[in-house]
**Student:** 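Just dropping this structure here.
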Protein chains: 4
Amino acid sequence: MNKRSGTESKKKIINAALKVFTEHGYKGASMRMIAGAADISVGGLYLYFDNKEDLYLTLMKETFSDFTQKVSSALKDTRTSSEAFNLFITLYLNNAKEHRGLILIQGREHKFTFGMDIKRRFFIHQRGAIEEIIQRGIKSGEFRKCNVKEASKIIFCVLRGFILSLIVEPAALFSPEECSNLILKGLLKNNSETALGETNGS
Amino acid sequence: MNKRSGTESKKKIINAALKVFTEHGYKGASMRMIAGAADISVGGLYLYFDNKEDLYLTLMKETFSDFTQKVSSALKDTRTSSEAFNLFITLYLNNAKEHRGLILIQGREHKFTFGMDIKRRFFIHQRGAIEEIIQRGIKSGEFRKCNVKEASKIIFCVLRGFILSLIVEPAALFSPEECSNLILKGLLKNNSETALGETNGS
Amino acid sequence: MNKRSGTESKKKIINAALKVFTEHGYKGASMRMIAGAADISVGGLYLYFDNKEDLYLTLMKETFSDFTQKVSSALKDTRTSSEAFNLFITLYLNNAKEHRGLILIQGREHKFTFGMDIKRRFFIHQRGAIEEIIQRGIKSGEFRKCNVKEASKIIFCVLRGFILSLIVEPAALFSPEECSNLILKGLLKNNSETALGETNGS
Amino acid sequence: MNKRSGTESKKKIINAALKVFTEHGYKGASMRMIAGAADISVGGLYLYFDNKEDLYLTLMKETFSDFTQKVSSALKDTRTSSEAFNLFITLYLNNAKEHRGLILIQGREHKFTFGMDIKRRFFIHQRGAIEEIIQRGIKSGEFRKCNVKEASKIIFCVLRGFILSLIVEPAALFSPEECSNLILKGLLKNNSETALGETNGS
DNA sequence: GATGAATGAGTCTTCATTCAT
DNA sequence: GATGAATGAAGACTCATTCAT
């Protein structure tokens, strides 16, 4: 008989659900687990969400929009494009770490395309953010000219790979900073080393 | 009552299970589904496998050892290290495509570490193969000198990212060849362009 | 959806389970049967008991402690040792009759020793009660001197036999009173007839 | 592809089934277990028995008739009634011990009356044997006069109790000889001690 | 708004029974 | 006669969902 405002409860549930889904996956997480983690009754869950799927979807939307907001507000305080780029990468990687790649790899169950639209929108949005950073960097002369679309695709690819490695075999991983630097090297103007080259150059 | 040889049935089950697990994940796949896909009765499954977990683990082992064999036999017919490298990447990517990343992203459910050992061994083995190719390429003068261990880690990271992109948003993807070339650029000796650079350079 | 208080449901289940286990044995009783008999859903059973074994064990504990209490409270109102003895036998036999010997003969399945500890404790306790009655009877001069431990063993043996006969071939049975008297004859002081003797003596 | 005569296989199966049923109970014993113990294929079982129930019933019949024959042939070589009586008790108890009371307590599962007819007939037959021994003992003057029917009922009751005690709590048991003597005391002519009395008499 | 007892379809697994070989 | 792969109904147990309180 806890008295809480509706929104308060909803938030509590979402936070709990995020934790539980992250840890056990969609199928592996039970409504009871989530209720327990949210310190609410099982029935209480259904006051705020139609069903498990709805909860999951809402959760993702919130998570995504939270992250998007955090990123865009953080980017406002950056001066150089390198700084902005580094910040983005760091935020992205930390977020992924925290949620153990929930964003990336969950949702294959349940008819194969569970929540895919939301994800896609999220990815497109984030890629847009990167593209903008690069564009700006090129305009300001900080970054060299390149095919912005292709570059952002490749960057995302590397990011994904890094996150997945984080989950799958954390032992065999270079550091986040290295990851960021690795990509940055390719973008910066005054840098003739290749991604895989170790110093001495051509 | 269809009569089949034991091994025939086992193979049929493994193939079916691969498909179903790939499509629905471990928890999302039911034994009934697998039985249906294998065109066998539910009970029949248990003639060949002790339980769901056993089936899944066996499946992974087989899949991995099949792939490992395919790779090592294919590599024998290659001349240059570039060729070998390209071939490895292609096989790896195609295999991943076929199994929709089963190897990569399954197994977070079920106490979080389900079948992880097998995966780790697989990854380590594959990374070993890459390291060997690079080493040989360096020795032959085809590839430039670099930290082989680090390079292979990064390559795997990119591969993983590519595979995941394949699954998560296939639309937004450069081609496998591009992926291979992208990485190769960093290894080849006479190539001063950076990974993300678009020709014209500094 | 019937609403009941938790304890009410639990009792209903235990009563139903007692009936079903008694009638079909441990393996022969299905959770569905029990659920049906308790007028509850299958899932409902698991609200109150972890699993079948837990239900069975709880059931036995309750049954035993119920009986033990009934006996000890009833014995308080008895004056002579003969009366106490008779009462005990009657209660024991009626209880056994009601539960069709659940206490005695279940539990050979399931690794052979299922719930044996609880039973053993029960038997030891009951034998203790008998021993006490005899001891008191001897002290008061009502019963003749005898090896109390041995006597109680034999008495239990006869009781068991009687209960089993009750189940296995109820037709071929002398009455419970006869059983009680039969044993009592051996204990009473002024009685020179032997158990199997029919009046007229040597 | 073992070649055996039909009857040979049948016997092997029955022996195996006896062991397995004895150890696991009716429901607890699986046809596969029995097949394994009989060193025959699962399908092979059904060449000789219609189904599990049939196998069980046949098994009991055979077991009973075997025992009956053993008893009646053994009794032929006895001189005194005491000797005959002792022999009967010993055979009965040993048989029960060997089969862990299969005869007594199995078959409550499966509609409550599984194989009961066979058992009843067996019990009646055995009780008949006892009655005959007592009758003869009385005629010869060895035993005192008594109600033969009642006496044999009581004797069976004690036997059952003894067997059950053997199974349920073997620790708390007097020896088989004691059991035999206990009963015999009541029958023998020149014996004024009562069953439960410990020497010193009235 | 909140609870948690209750539901029942669905999950994995077992096993008596059948039948092509 | 004998085999053992195959079947499918049934068992124990789980869990998303509902609803009386």
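In what follows, every chain begins at residue 1, and chains take the letters A, B, ... in the order their sequences are listed.
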**Student:** What is the distance from NZ of K12(A) to P of dG1(E), rounded to the nearest Å?
**Tutor:**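 Going from NZ in K12(A) over to P in dG1(E) covers 16 Å.
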**Student:** Starting at NZ of K19(A), measure out to NE2 of H24(A) and round the result to the nearest 0.5 Å.
**Tutor:** 13.0 Å
**Student:** From NE2 of H24(D) over to P of dC15(E), roughly how many Å is that when rounded to an integer?
**Tutor:**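 H24(D) atom NE2 is separated from dC15(E) atom P by 10 Å.
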**Student:** Between atom CG in D39(C) and atom C1' in dG8(E), what is the gap in whole Å?
**Tutor:**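 So the two atoms are 15 Å apart, to the nearest Å.
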**Student:** Rounded to the nearest 0.5 Å, how far apart are CG of L47(C) and OG of S41(C)?
**Tutor:** 7.5 Å
**Student:** Under 4.0 Å between a side-chain N or O of S9(D) and OP1 or OP2 of dG1(F)?
**Tutor:** no
**Student:** So, using side-chain hydrogen bond (donor to acceptor under 3.5 Å, both in side chains) as the criterion, who are the partners of D54(B) when residues are at least two apart?
**Tutor:** T58(B)
**Student:** Identify which nucleotide among dG1(E), dA6(E), dG1(F) has an atom closest to any side-chain atom of L47(A), counting heavy atoms from C-beta outward.
**Tutor:**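 My answer, after comparing the listed nucleotides, is dG1(E).
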**Student:** Who pairs with S30(D) by side-chain contact (heavy atoms from CB on, under 4.5 Å), at least two apart in sequence or on another chain?
**Tutor:** R32(D), M33(D)
**Student:** Can you figure out which of dG1(F), dA6(F), dG1(E) approaches the side chain of S41(B) most closely?
**Tutor:**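 Within the option list, the nearest is dA6(F).
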**Student:** Please enumerate all residues that pass side-chain contact (heavy atoms from CB on, under 4.5 Å) together with K52(C), with sequence neighbours excluded.
**Tutor:**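 K52(C): side-chain contact (heavy atoms from CB on, under 4.5 Å) contacts with F21(C), Y26(C), M31(C).
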**Student:** Going by side-chain hydrogen bond (donor to acceptor under 3.5 Å, both in side chains), name the residues that satisfy it together with D66(A), two or more places apart in sequence or in a different chain.
**Tutor:** none
**Student:** Answer yes or no on whether K61(D) is positioned over the face of F122(D), meaning its NZ or CZ is under 6.0 Å from the six-membered ring centre and within 45° of the axis.
**Tutor:** no
**Student:** To the nearest Å, how far apart are Y48(B) OH and dA6(F) C1'?
**Tutor:**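 Those two atoms, OH and C1', are 8 Å apart.
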**Student:** Could you state the CG-P distance from L55(C) to dG11(F), rounded to the nearest angstrom?
**Tutor:** 16 Å
**Student:** Dot-bracket for DNA chain F: what is it, with Watson-Crick or G-U pairs under 3.5 Å, [ ] where a pair crosses earlier ones, and | for a pair to another strand?
**Tutor:** .||||||||||||||||||||
**Student:** CG/L18(A) to CD1/I34(A) distance, rounded to the nearest 0.5 angstrom?
**Tutor:** 10.5 Å
**Student:** Dump every N/O contact between nucleotides 9-12 of chain E and the protein below 3.5 Å, one line per pair.
**Tutor:**
unit_1: dC12(E); atom_1: OP1; unit_2: A29(B); atom_2: O; d: 3.3
unit_1: dC12(E); atom_1: OP1; unit_2: K52(B); atom_2: NZ; d: 2.9
unit_1: dC12(E); atom_1: OP2; unit_2: M31(B); atom_2: N; d: 2.9

**Student:** Between dA16(F) atom P and F49(A) atom CZ, what is the distance in whole Å?
**Tutor:**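 The answer, rounded to whole Å, is 15 Å.
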**Student:** When rounded to the nearest 0.5 angstrom, what is the spacing between CD1 in I14(B) and OH in Y56(B)?
**Tutor:** 13.5 Å
**Student:** Between P on dA6(F) and CD1 on I13(B), what's the gap in Å once rounded to a whole number?
**Tutor:**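 Distance, rounded to whole Å: 8 Å.
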